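Hydrogens, waters and symmetry mates play no part in the numbers below; they use all other heavy atoms, side chains included. Lettering of chains follows the sequences in order, A, B, ..., and the numbering in each one begins at 1. Model, not experiment: these values are computed from the prediction.
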There are 2 protein chains.
Amino acid sequence: MKLTLRQMEIFLNVVSEGHLTNVAKSMKLSQSAISMSIKEMENIIGRPVFDRINKKLVLNEVGRAFHKEIDPLYKKLSDIEYEFKNSENKGMIRVGASTTIVDYLMPSIICSYMSSYPDVKITLKEGNTKEISQMIDEGSIDVGFVEGFVSSSNIIKEKVGVDELVVITADKKLVAPCYIDALAQKKWVLREEGSGTREIFLDYIKEKVEDLNIFFELGHTESIKSILMNRECLTCISKISVDTELKEGKLYQVGVKNFSCRRDFLMIYHKDKYHSALFEKFLFFSKKLMFQMLDSGQKVQFKAR
Amino acid sequence: MKLTLRQMEIFLNVVSEGHLTNVAKSMKLSQSAISMSIKEMENIIGRPVFDRINKKLVLNEVGRAFHKEIDPLYKKLSDIEYEFKNSENKGMIRVGASTTIVDYLMPSIICSYMSSYPDVKITLKEGNTKEISQMIDEGSIDVGFVEGFVSSSNIIKEKVGVDELVVITADKKLVAPCYIDALAQKKWVLREEGSGTREIFLDYIKEKVEDLNIFFELGHTESIKSILMNRECLTCISKISVDTELKEGKLYQVGVKNFSCRRDFLMIYHKDKYHSALFEKFLFFSKKLMFQMLDSGQKVQFKAR
DNA sequence: ACGGTCTAATCAACAATATCGATAAAAGAG
DNA sequence: CTCTTTTATCGATATTGTTGATTAGACCGT
């Protein structure tokens with residue numbers, strides 16, 4: 001036999017009112033319902049919680065201790081139930097994204113979203129496109145942001161922007177417009193093998209360039225930027241990851257002619273996903289901000305030329 | 001519509017097992033019972049808490065937040081229920097006692113009791129006999145300890161010892177055996193009017209002494225003892241309240257001939273009181289210790305003569 | 001001391017709902 | 001494609017909660 005919430009509710013009301021009959025009225029139940037409920041509770045606990053003194057029910061030593069424990073818990077439970085019934089903006093969203101997006105786009109999206117919906121917790125996982133889409137597939141994240149292509153038919157994909165890969169240097173001598181093959185023998189710093197950014201770039205130039213001089217390989221975009229500084233090197237990375245440095249004049253975009261290396265940013269989620277108001281809002285928010293950030297990126301690029 | 005404990009229990013099990021069918025087996029319910037319970041819960045909350053991804057039920061963003069809130073609460077509730085079902089020694093006893101008993105007997109009783117039953121909380125209220133018996137009558141305390149007589153027929157009285165009033169002084173010159181009337185004109189320090197101790201004493205000597213020289217009146221026994229020190233005064237108070245000072249030789253008992261002023265210590269409780277194991281143990285404990293303390297007090301008195 | 005008026009406890013009848021067993025639908029495994 | 005596994009659905013049934021009437025005890029004013 002187990003205690004029920006209803007019994008606790010009745011018990012707490014009886015304790016605070018003192019009289020069974022009043023509780024019956026205020027709860028719109030019969031007096032006998034209350035009486036039996038209390039009795040049932042005492043059976044479950046194994047001994048009375050009230051002393052029947054005169055007409056009143058007075059908590060006895062056991063009941064008092066019980067009340068002290070139950071009361072705050074019940075209140076909290078009620079609060080939680082109320083919250084979830086009434087507040088749309090309560091939840092915990094798990095987001096996955098690939099490195100570039102995690103580093104340069106998610107922070108401001110999450111930050112901005114959470115200032116509008118403070119009750120929502122967001123967790124962020126990093127992974128490559130394949131890993132992220134697998135997480136979606138098995139339901140271990142709610143939504144993912146990746147570059148490139150996703151194949152699974154269980155996954156819904158929405159294009160949320162275009163990622164532009166640009167050729168970057170810190171050396172002013174290299175900035176002058178030229179064709180890509182003219183730069184092939186300069187010192188190139190690229191991401192490691194297996195990186196999406198690297199593959200896209202090499203794939204894009206493979207018809208025009210026979211042999212690229214890969215001077216150094218690094219696992220993180222930030223490390224590449226450090227290496228670039230004050231050296232005669234080149235790299236090709238996401239425009240958004242060097243936005244700040246371009247504005248500040250620390251790095252320069254090389255005006256490569258006939259060079260337009262792009263890939264889509266995709267937002268992905270499982271087709272069976274239930275779209276709570278919460279979730280919908282997050283999707284909407286993310287899309288809006290993504291477009292904004294990528295647009296402004298392109299504008300800046302335009303001005304810089 | 002309200003959430004039930006059972007629903008939460010099922011929900012939590014489904015979350016931890018991941019599979020509906022396993023939960024059905026482990027809870028010895030049909031699979032459909034689980035399924036419907038979950039669905040009912042989602043109805044109550046107003047939106048799904050699981051995403052039905054492939055065969056699995058995976059918590060969605062709402063469910064995750066809900067689980068995080070519910071899980072610790074449910075565990076705590078289970079603990080409380082278990083505690084109260086299994087532990088006899090859980091409760092909160094409200095004790096009332098008159099001044100003398102509160103000051104000189106209850107501390108060691110409570111202290112000793114609580115070292116045997118650490119889960120029991122005891123609250124102590126002070127009041128005169130009338131106040132204490134009224135509290136018993138209306139159920140606002142569980143048990144009382146008083147001196148003197150209690151009239152109500154709703155109250156069960158048990159004699160737990162004899163309180164002896166003795167004549168005390170700090171002045172060695174006054175210690176010599178004599179009759180009470182010979183001391184009447186000495187300086188007497190008594191409790192204030194209305195005090196039980198004072199009334200008993202005055203009532204006891206009223207046939208033998210016409211006019212007692214009441215030099216000073218004080219509300220507390222401890223104040224009386226302070227006044228006595230190094231002065232040629234007398235008082236008549238409970239033997240137990242000056243036990244220590246007699247042993248240490250700071251105060252002396254006057255060997256008044258033909259003087260035997262006594263009153264009973266009573267333990268009282270309501271006739272309708274439910275006697276939990278807890279309560280019974282406390283009664284037993286109190287009686288035992290009362291007798292012990294009052295006996296030892298009398299032995300000391302005997303030796304001192 | 002006597003009904004009248006409270007109170008809580010009890011009981012059988014009824015209503016609500018939780019659970020069951022069977023079946024359907026969907027998806028992964030072989 | 002078939003077999004197995006898993007969840008959803010449905011009507012029937014068992015359990016549980018609730019009701020209304022009744023009983024019993026205590027208080028109140030006359």
Nearest-nucleotide comparison on DNA chain D, the residue closer to the 5′ end among B:Leu20 and A:Ile34
B:Leu20
Ionic contact status for A:Asp79 with A:Lys75, cut-off 4.0 Å
no
If the sugar-phosphate is the primed atoms plus P, OP1 and OP2 and the base is the rest, what is the B/S/- string for nucleotides 13-30 of chain C, using protein heavy atoms under 4.0 Å?
------BBB------S--
Give a yes/no on whether any side-chain N or O of B:Ser35 is located under 4.0 angstrom from OP1 or OP2 of D:dT9.
no
Would you check if there is a donor-acceptor pair between the side chains of B:Glu147 and B:Ser98 at a distance under 3.5 Å?
yes
Taking atom P of D:dT6 as reference, at what distance in whole Å does atom CG of B:Asn22 sit?
7 Å
In whole Å, what is the span from the CD1 atom of A:Ile44 to the C1' atom of D:dG17?
13 Å
Any stem touching DNA chain C, meaning at least three consecutive Watson-Crick or G-U pairs under 3.5 Å, ordered by first number, would be C:1-30 with D:1-30
Is A:Lys159 positioned over the aromatic face of A:Phe265, cation under 6.0 angstrom from the ring centre and no more than 45 degrees off axis?
no
Compare every heavy atom of A:Pro48 with every heavy atom of A:Val62, then report the nearest pair and how far apart it is.
CB-O, 4.0 Å
Validate the cation-pi geometry between B:Lys288 and B:Phe285: distance from NZ or CZ to the six-membered ring centre under 6.0 Å, angle to the ring axis within 45°.
yes
At under 4.0 Å, does any side-chain N or O of B:Lys39 touch on OP1 or OP2 of D:dT7?
no
Pairs flagged by side chain to side chain donor-acceptor pair (under 3.5 Å) wherever residues 116-133 of chain A is involved - sequence neighbours left out
A:Thr99-A:Glu126
B:Lys2 has an atom NZ; how far is it from atom C1' of D:dG17, in whole Å?
16 Å
Of A:Asn43, A:Val23, A:Ile10, the one forming a side chain to side chain contact (heavy atoms under 4.5 Å, CB included) with A:Ile38 is A:Ile10
From the candidates C:dA9, D:dA8, D:dT7, the one with an atom nearest any side-chain atom of B:His19 is D:dT7
Determine the interplanar angle of the A:Phe145 and A:Phe282 rings, folded into 0 to 90°, and report it as parallel if under 30°, tilted if 30 to 60°, perpendicular if over 60°.
perpendicular
Rounded to whole Å, the NZ-C1' distance (A:Lys25 to C:dT7) equals 11 Å
Go through it in stages, so that I can follow the logic: the residues are B:Phe11 and B:Tyr74, the test is ring pair (Phe, Tyr, Trp, His ring centres under 6.0 Å), and I'd like the CA-CA distance, side-chain angles, deciding distance and then a yes or no.
CA-CA 11 Å; B:Phe11 168 73; B:Tyr74 184 83; over 10 Å; no
Nucleotide C:dT10, atom P - distance to CG of A:Asn43 in whole Å:
10 Å
